[in-house]
Amino acid sequence: MIISIMTNLEIATLLRKIAAAYQILEENRFKIIAYDRAADSIEHLTSETKDLWDNGKLDEIPGVGSGIAHYLDELFRTGKVKHFDDVMKRVPKGVFPLLSVPGLGPKKAHKLVTELRLKGAKDVVGALDAAAKAGKIAPIEGFGEKSQEDIISAIATYKRGQIKENRMELPVADAIAQEIMAHLKKHSAVVRVDALGSLRRKVSTVGDIDIAAATKKPEEVTLHFLDYPHQKLVEQGPGGATILLKNGRQVDLRVQRPDAYGAMLQYFTGSKHHNIKLRSYGLTKRKSLSEHGIKEVKTGSMRYFHTEEAFYKELGLPWIAPEMREDKGEIEAAQAGKLPKLVETQDIKGDLHIHTNYDLESSHDLGVDSLADHLTKAAELDYEYIGLSDHNPSITNHTENQIIDIMKRRKAKYEQLYSSWVKKVSRKCQMFVMCEVDILPDGKLALPEKAFEFVDAVIVSIHSSFTQDKKHMTDRIVRAVGAHPKVRILGHPTGRLLLKREGVNADWAAVFAACKKHDVALEINAYPSRLDLPDDLVFDALREGLRFCIDTDAHAVGQMEMMKYGVSVSRRGWATKGDIVNALGYNEFKDWLLKI
DNA sequence: GCCGTTTTCGGCCCGACTGTTTTCAGTCG
């Protein structure tokens with residue numbers, strides 16, 4: 001029998017279908033929640049469920065207990081689950097596609113499919129659209145004219161959503177938010193402003209921009225917010241307003257009086273899973289949490305909080321950094337007093353991945369600024385050292401000897417440029433001559449052995465053949481990190497481009513083991529469209545004892561400012577200063593880089 | 001179906017919003 005290997009997303013989708021079916025079948029509602037929770041949990045795993053099953057570790061998945069584990073076991077052994085099939089049979093098939101339409105849940109979808117007899121329809125969403133436009137929904141019990149219109153517009157939204165997901169890279173959202181927050185702060189009644197949601201948690205991509213303001217004059221501040229240039233006022237109420245900017249981005253403002261600001265900030269920062277866990281934890285202390293404050297279950301009396309610190313303190317917990325609020329064990333760590341002290345941007349002492357405009361006839365793009373400009377910028381940023389990591393000379397256009405010669409001349413040129421720069425400035429910054437070397441499809445490096453003489457160390461990265469299968473890709477990377485003693489950093493390890501390209505498919509545990517063996521640091525590339533290693537893999541790698549190098553991959557002086565986004569990724573992975581090699585001072589870092 | 005700083009039994013996050021309803025069910029974040 002051929003057993004297809006289901007991905008985490010496919011398993012999560014299957015569990016959600018079971019949850020939806022149970023909801024229609026009026027099963028115990030906590031059983032439904034359990035299935036949804038297991039689905040969420042599996043969707044966000046960094047390892048494949050199948051691999052965990054292989055190793056007998058299904059019980060390590062939060063929300064998966066003996067029941068669901070038993071069914072997953074059957075799924076992996078036989079390719080299907082009899083019990084799931086039986087449950088699904090009791091619900092018309094057409095229900096499931098409708099669940100993707102905003103506003104339609106299991107109950108409504110079921111009602112519509114049954115009443116409109118959409119069972120056999122090939123394109124259920126299309127058939128529903130047609131029925132709505134023909135006025136067949138309004139007469140159904142529980143629906144009306146308004147819901148009929150809503151369904152038509154929801155289907156339009158759904159179809160648009162199929163084409164393109166409207167998220168933006170973190171720095172884009174950050175820039176927009178900073179500007180609006182600066183605008184808000186100009187109003188004298190504004191006591192405090194903060195970003196909310198995924199933006200505050202520094203998730204690598206952000207949907208809507210949510211901003212909070214503390215004020216005793218909510219109406220005035222909301223009106224001031226509406227002075228900010230926008231194309232459309234979407235919504236306005238006592239709690240704030242929503243506008244659509246000229247660039248099409250949606251911005252929500254929430255206003256709250258200062259003495260109750262803490263609970264609001266906490267609630268709207270999320271994540272949803274963090275909040276759910278926190279509220280469960282609150283209930284064990286007979287405290288009911290909401291965006292308004294904390295209520296004593298016994299007496300019903302409500303307490304309000306100026307700050308998040310006070311809110312968490314009421315629960316007997318220290319404040320938890322927003323980047324950690326993903327229900328990855330942070331609440332348990334807080335209870336145990338074991339929250340890590342996360343790395344901060346000012347801990348960073350150097351940037352090791354910088355491309356200058358020196359033309360070494362490389363296969364990939366050069367930077368636009370000079371070595372001296374980058375050094376000056378580094379000194380400005382208080383860095384003790386930088387690494388020049390231009391791409392290797394192209395191997396198709398040069399012979400080995402030509403490459404060696406280019407690298408030799410480059411080293412001499414950089415040293416000469418460096419000494420003339422040092423003479424001109426009061427503030428020093430040390431330099432390492434490095435190189436970003438391509439990992440070829442077979443795992444060999446695109447720099448001849450003899451050329452390594454002319455570099456202090458190299459970053460190895462994948463820039464081609466991104467779609468190799470898992471085994472080849474894993475072997476390729478493992479081979480590359482051990483290919484030469486001067487390989488010290490694995491550059492943008494997954495190769496993903498946010499919103500554009502998935503990362504490569506590799507066995508990360510094996511890659512991490514190889515990096516650990518050769519003491520190679522994983523890069524956390526701060527370039528906005530990369531943010532690679534992704535935060536969830538940083539979290540995993542950290543548990544394997546790996547260290548990281550946060551770099552900007554700057555191709556222009558200004559881009560060296562992007563370091564903070566790499567730091568955000570590290571913080572989301574729970575990294576401390578001690579986990580980051582370029583948080584070391586010059587001497588220690590040099591010893592590490594040169595393996596002294 | 002899951003889970004444990006009150007528990008291996010008896011709980012399970014909370015509130016807003018919406019549309020359809022005279023008191024609530026469904027959906028969402």
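Below, chains carry the letters A, B, ... as their sequence lines are ordered, and counting in each starts from 1.
- Side-chain atoms of A:D259 never come within 3.5 Å of backbone atoms of A:H306 as a donor-acceptor pair (strictly under, hydrogens ignored).
- Between A:P102 and A:K285, the residue anchored nearer the 5' end of DNA chain B, judged by the nucleotide with its closest heavy atom, is A:K285.
- Side-chain nitrogen and oxygen atoms of A:T284 include none within less than 4.0 Å of the OP1 or OP2 phosphate oxygen of B:dT5.
- Taking atom C1' on both nucleotides, B:dT7 is separated from B:dC2 by 14 Å, rounded to a whole Å.
- When the C1' atom is compared between B:dC13 and B:dC28, the two are found 14 Å apart, to the nearest whole Å.
- Spacing between atom CZ of A:F30 and atom P of B:dC9 amounts to 19 Å, rounded to whole angstrom units.
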Whether each nucleotide of nucleotides 15-26 of chain B has a protein heavy atom under 4.0 Å at its base (B), only at its sugar-phosphate (S) or at neither (-) is summarised, 5' to 3', as SS--SS-----S
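- If you take atom P in B:dT6 and the same atom in B:dC12, they sit 14 Å apart, rounded to whole Å.
- B:dT5 and B:dG1 have their C1' atoms separated by 23 Å, with the value rounded to a whole Å.
- In this structure, CD1 on A:I180 lies 5.0 Å from CG on A:L245, to the nearest 0.5 angstrom.
- Taking the P atom of each, B:dT21 and B:dC14 are spaced 30 Å apart, rounded to whole Å.
- Going from atom CG of A:D59 over to atom P of B:dG1 covers 17 Å, rounded to whole Å.
- Here the side chains of A:V538 and A:V569 are in contact, with some heavy-atom distance below 4.5 Å.
- Regarding A:I33, its CD1 atom lies at a distance of 14 Å from the P atom of B:dC3, rounded to whole Å.
- B:dC17 and B:dG11 are spaced 31 Å apart, taking the P atom of each and rounding to whole Å.
- Nearest to the side-chain atoms of A:L283 among the listed nucleotides B:dC14, B:dG29, B:dG1 stands B:dC14.
- The environment of NZ in A:K216 is sparse: at most 12 heavy-atom neighbours from other residues, nucleotides or ligands sit within 6.0 Å.
- Contacts of A:Y22 with the nucleic acid, taken as non-hydrogen atoms under 4.0 Å apart, are absent.
- As rounded to whole Å, 11 Å separates atom C1' of B:dG1 from atom CD1 of A:I32.
- Side chain of A:T576 to backbone of A:K341: no donor-acceptor contact under 3.5 angstrom is found.
- Separating the CD1 atom of A:I331 from the P atom of B:dT5 is a distance of 13 Å, rounded to the nearest angstrom.
- Here the NZ atom belonging to A:K136 is positioned 11.0 Å from the CZ atom belonging to A:R117, to the nearest 0.5 angstrom.
- Atom-to-atom, CZ of A:R286 to C1' of B:dT5 comes out at 14 Å; the value is rounded to the nearest Å.
- The CG atom of A:L45 lies 9.5 Å from the CG atom of A:D540; values are rounded to the nearest 0.5 Å.
- Here B:dG4 sits opposite B:dC9 as a Watson-Crick or G-U wobble pair (both hydrogen-bonding atom distances under 3.5 Å).
- Rounded to the nearest 0.5 angstrom, A:F305 CZ and A:Q266 CD are separated by 10.5 Å.
- With rounding to whole Å, A:H70 atom NE2 is found 11 Å from B:dG1 atom P.
- Comparing B:dT20 with B:dT27, their C1' atoms sit 14 Å apart, to the nearest whole Å.
- Atom-to-atom, OH of A:Y35 to P of B:dC3 comes out at 13 Å; the value is rounded to the nearest Å.
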